[in-house]
Amino acid sequence: MTGPTVSRVRRQLPSSPWLFAAPGLLIIGAFILYPFVSTLVNAFTDRRTLIPGDFVGLANFRELLHDDMFWIGLRNSTLYVLGVVPALVVLPLLLALLVQKNIPGITFFRSAFYTPVVASIVVVGLIWVWLLDERGLVNSLLEAVGVGRVGFLSDQWLLLLSAMAVTVWKGLGYYMIIYLAALANVPRELHEAAAVDGAGAVRRFLTVTVPAVRSTMVLVGALSSVAAFKVFSEVYLMAGPSGGPAGEDTTLVMLVQRTGTGLTGRVGYASAISVVVFVVTVALMLLVLRADRKDAS
């Protein structure tokens, strides 16, 4: 098509690019921008489920400082990040190295490791609840070998650790795929040169593989940090709506759901908690990226 013809078409359809972008922009506006702005506005009001509410300034945030459940949720969400993120940064990389080799039957193991990723979190949670229940398979095996039954779902800390284990188990395959893509771009010549210099497998891993996939490790760390701090389903399914014994396993997102839902839900207060979750997750990403820049410089 010649230049004058293209110009004539553009003059006739000046809004055509926006017509193509309109569906995506509508979806983003309706399901991302509007809820985000609405949450920010509600955080400064005393709105309830059926009551619009009035502007109260920073009252909701001041109340957070004196809310014991908020501090319990913040503690558990922070512990979740500290417990889950290191495992999801290191273990998928080791798993990717294991399944990277082209040996007979490796495709089956790749599919098996990825299966938990596509499984419903509800199904996964129920399976692990059945396994870790007082009369579940794990406790039956422990009792058979003389260890005795363990309160995986009744002890405050064991329940939180069990939920962390489920999160790690379900996320291994997802981050393994990311690492596999990164490892495919690592030149084999680097490993061969290191092997010629006498470097063993561990030394090649530390001096060749890790530096080559460092940016991917940062990406995995950022993604897993945000996901871990916003954890809901695993703890909710294993601890129940009450958040475990005396609510001691409640996370911040569980507190948002519990506070802001129902006919008498405190939407304004739940929105204030949501704003705190948003600020902390953004701060986590910035810290990870800043640490990456320091290491690179």
State whether the side chain of [X] and the backbone N or O of [Y] hold a donor-acceptor pair below 3.5 Å, judged by distance alone.
X	Y	result
N76	L252	no
K170	E234	no
W169	P116	no
Y175	V90	no
T78	L74	yes
R203	V208	no
R47	N42	no
D54	T45	no

Nearest non-hydrogen partners of [X] and [Y], listed with the distance:
X	Y	answer
M176	P92	N-CB, 3.7 Å
V124	V166	CG1-CG1, 3.9 Å
L132	M238	CD1-CE, 3.7 Å
V168	A87	CG2-CB, 4.0 Å
P35	G29	CD-O, 4.3 Å
L237	V129	O-CG2, 3.7 Å

Contact check, side chains of [X] and [Y], non-hydrogen atoms, under 4.5 Å:
X	Y	result
R135	S140	no
F113	L172	no
Y179	V99	no
V186	T209	no
E248	L160	no

Atom [atom1] in [X], atom [atom2] in [Y]: separation rounded to 0.5 Å?
X	Y	atom1	atom2	result
L223	L219	CG	CG	4.5 Å
I32	I28	CD1	CD1	5.5 Å
N60	I273	CG	CD1	9.0 Å
D68	T250	CG	OG1	12.0 Å
N185	T216	CG	OG1	8.5 Å
L98	L93	CG	CG	11.5 Å

### Message
Between R149 and E143, does any side-chain N to carboxylate O distance fall below 4.0 Å?
### Response
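Result for this pair is yes, salt bridge flagged.
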Verify the neighbour count for atom [atom1] of [X]: are there more than 12 heavy atoms of other residues, nucleotides or ligands below 6.0 Å?
X	atom1	answer
Y34	OH	no
F229	CZ	yes
L263	CG	no

Have [X] and [Y] got a donor and an acceptor in their side chains that come within less than 3.5 Å?
X	Y	answer
D46	Y269	no
T49	R266	no
Y236	T251	no

Are [Y] and [X] connected in a single hydrophobic cluster, I mean Ile/Leu/Val/Met/Phe/Trp/Tyr linked by side-chain heavy atoms less than 4.5 Å apart?
X	Y	answer
V279	W71	yes
L286	V226	no
F278	M285	no
L95	V118	yes
V267	M69	no

### Task
Might you work through the side chain to side chain contact (heavy atoms under 4.5 Å, CB included) test for W157 and L79, ending with a clear yes or no?
CA-CA 10 Å; W157 301 113; L79 290 175; 3.6 Å; yes
### Task
Would you sort out whether L161 and F152 count as a side chain to side chain contact (heavy atoms under 4.5 Å, CB included), showing the intermediate values?
CA-CA 8 Å; L161 289 173; F152 292 107; over 6 Å; no
### Query
So, F61 versus F44, ring centres under 6.0 angstrom or not?
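Here the rings of F44 and F61 have centres that are less than 6.0 Å from each other.
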### Task
Could you go through the side chain to side chain contact (heavy atoms under 4.5 Å, CB included) check for R110 and I106 one step at a time?
CA-CA 6 Å; R110 290 175 182 171; I106 197 62; 4.1 Å; yes
### Query
Checking side chain to side chain contact (heavy atoms under 4.5 Å, CB included) for the pair V150/L158: CA distance, chi angles, key distance, verdict?
CA-CA 9 Å; V150 179; L158 286 179; 3.5 Å; yes
